[in-house]
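What follows is a single structure, written as structure tokens, with notes after it.
The first residue of the sequence shown is numbered 1, and numbering continues consecutively from there.
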Amino acid sequence: MQKLRIAYATGVTPGKWMDRFQERYPAIELKAWRLDEGEILDLLATGEADAVFVRYRGDSPKDATRHVIPLYEELEVVCAGKDHDVEYYEESVPLDIVESFPQLDLADYPQSVGGIPVAMEVVASGAQVLRTTQSIARLFARKDVVVRLIEDGSPTQIGIAWPTATEDTAVLEEFIGIVRGRTASSSRQNSVRNQEQKAKRINEQKKAKEKAKAKAKQQAKSPSKKPQGAKAKPRKRH
């Protein structure tokens, strides 16, 4: 059975793409998992994943070893406990105001100590604020934590990456096509192109057979002609 292994960064929600892929290709085993800790691009280098949804800031991580297609941008937000000064801003907080508060660093909260959920508990206590992406704030939302956009914050980019040295790319191309919004009938989809080419060959073969059949039928109906220059045989005398 063919397999496709997809890893995605925390906050990315690839469910809709996974569902569409499974609907179109139920015979292919799809394995997907979220990576909350570690460098997700390393999964491509080690061959543990066929493709990953990666988060990056600034320049694209595309290089000679991997392809990267940007998909969408994420906004930066600040998370703070209820009754914190952040709560008094209706929609967004100026960057300089956010920078004036004690900052929490997610790197100090690896999975071994509870990860992001524990970090959010610290935020809820009012001790520190957390600058993060809007998607992560939504994923780990708490009733005792308020979230506001940061004016002139640093947006991040979500992209899909896969190795340049992939040997069997047909299945992967199908998935990437779905992520990029191609429909099941899109002429750019690899499977659709194959079906069209196959249908074209069958049609051409059918036309050739019909043409040969018609030609043979026409020849059978046509009266035979005597070769030019042939002399008529003399009639016998009685």
Side-chain angles (χ1 to χ4, degrees), residues 6-18 32-44 49 51-63 66-162 179-181:
I6 306 294
Y8 53 96
T10 309
V12 178
T13 53
K16 60 181 179 181
W17 298 316
M18 306 290 184
W33 69 98
R34 191 180 82 194
L35 188 71
D36 290 336
E37 189 175 69
E39 178 52 63
I40 198 166
L41 291 173
D42 288 347
L43 299 179
L44 300 180
V52 300
F53 288 94
V54 59
R55 174 180 290 108
Y56 59 93
R57 182 176 277 111
D59 295 335
S60 169
K62 178 181 178 180
D63 61 20
R66 57 181 172 253
H67 301 290
V68 179
I69 297 175
L71 300 174
Y72 60 89
E73 188 178 79
E74 297 178 306
L75 298 176
E76 187 180 29
V77 299
V78 58
C79 303
K82 284 280 189 178
D83 299 325
H84 191 282
D85 289 351
V86 165
E87 187 175 10
Y88 301 118
Y89 292 85
E90 292 185 4
E91 294 182 358
S92 60
V93 186
L95 178 60
D96 59 339
I97 298 297
V98 174
E99 291 176 335
S100 69
F101 302 131
Q103 306 286 308
L104 181 146
D105 188 349
L106 286 180
D108 297 331
Y109 295 86
Q111 290 294 98
S112 58
V113 299
I116 299 176
V118 171
M120 282 298 190
E121 287 183 17
V122 176
V123 169
S125 72
Q128 294 173 306
V129 299
L130 170 65
R131 291 175 62 176
T132 188
T133 66
Q134 193 173 41
S135 61
I136 290 179
R138 287 173 176 169
L139 181 61
F140 296 96
R142 294 171 54 111
K143 292 182 179 180
D144 51 0
V145 172
V146 295
V147 178
R148 298 290 185 270
L149 292 172
I150 300 177
E151 295 176 14
D152 299 318
S154 300
T156 51
Q157 188 77 37
I158 294 297
I160 185 169
W162 70 99
V179 172
R180 299 186 72 182

(request) Decide yes or no on side chain to side chain contact (heavy atoms under 4.5 Å, CB included) for Glu87 and Arg148, but give the supporting numbers first. (result) CA-CA 8 Å; Glu87 187 175 10; Arg148 298 290 185 270; 4.1 Å; yes

Quick check for you: to the nearest 0.5 Å, what is the distance between [X] atom [atom1] and [Y] atom [atom2]?
X      : Y      : atom1 : atom2 : result
Tyr56  : Lys62  : OH    : NZ    : 10.5 Å
Thr10  : Phe140 : OG1   : CZ    : 6.0 Å
Ile6   : Leu43  : CD1   : CG    : 11.0 Å
Gln157 : Ser60  : CD    : OG    : 8.5 Å
Met120 : Arg142 : CE    : CZ    : 8.5 Å
Glu151 : Glu91  : CD    : CD    : 10.0 Å

[atom1] of [X]: more than 12 outside heavy atoms within 6.0 angstrom?
X      : atom1 : result
Glu39  : CD    : yes
Asp96  : CG    : yes
Asp108 : CG    : yes

Considering all heavy atoms of both residues, which atom of [X] and which atom of [Y] are nearest to each other, and what is their separation?
X      : Y      : result
Asp144 : Ala124 : OD2-CB, 3.5 Å
Leu104 : Ala119 : CD1-O, 3.6 Å
Gln103 : Val98  : NE2-O, 2.7 Å
Met18  : Ala32  : CE-CB, 3.5 Å
Ala80  : Val129 : CB-CG1, 3.8 Å
Ala9   : Ile40  : N-CD1, 3.5 Å

(message) Check for me whether the distance between the ring centres of Phe53 and Trp17 falls short of 6.0 Å.
(response)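 Centroid distance Phe53-Trp17: below 6.0 Å, so yes.
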
(request) May I have the step-by-step check of side chain to side chain contact (heavy atoms under 4.5 Å, CB included) for Leu71 and Ile160, ending in yes or no? (result) CA-CA 7 Å; Leu71 300 174; Ile160 185 169; 4.2 Å; yes

Is the backbone of [Y] close enough, under 3.5 Å, to the side chain of [X] for a donor and an acceptor to pair up by distance?
X     : Y      : result
Asp85 : Tyr88  : no
Arg55 : Thr156 : no
Glu74 : Thr133 : no

(request) Using the side chain to side chain contact (heavy atoms under 4.5 Å, CB included) rule, pick out the option among Glu99, Glu76, Gln134 that qualifies with Ile150. (result) Glu76

(message) Consider side chain to side chain contact (heavy atoms under 4.5 Å, CB included). Of Leu130, Val122, Ile116, which one does Tyr109 pass it with?
(response) Val122

(request) Could you tell me whether the side chain of Val54 reaches within less than 4.5 Å of the side chain of Arg66, counting heavy atoms only? (result) no

(message) Within the 4.5 Å heavy-atom criterion, are Val86 and Phe101 side-chain neighbours or not?
(response) yes

(message) side chain to side chain contact (heavy atoms under 4.5 Å, CB included) for Cys79 and Thr132? Distances and angles first, verdict last.
(response) CA-CA 8 Å; Cys79 303; Thr132 188; 4.0 Å; yes

(message) Go through it in stages, so that I can follow the logic: the residues are Leu149 and Val77, the test is side chain to side chain contact (heavy atoms under 4.5 Å, CB included), and I'd like the CA-CA distance, side-chain angles, deciding distance and then a yes or no.
(response) CA-CA 4 Å; Leu149 292 172; Val77 299; 3.6 Å; yes

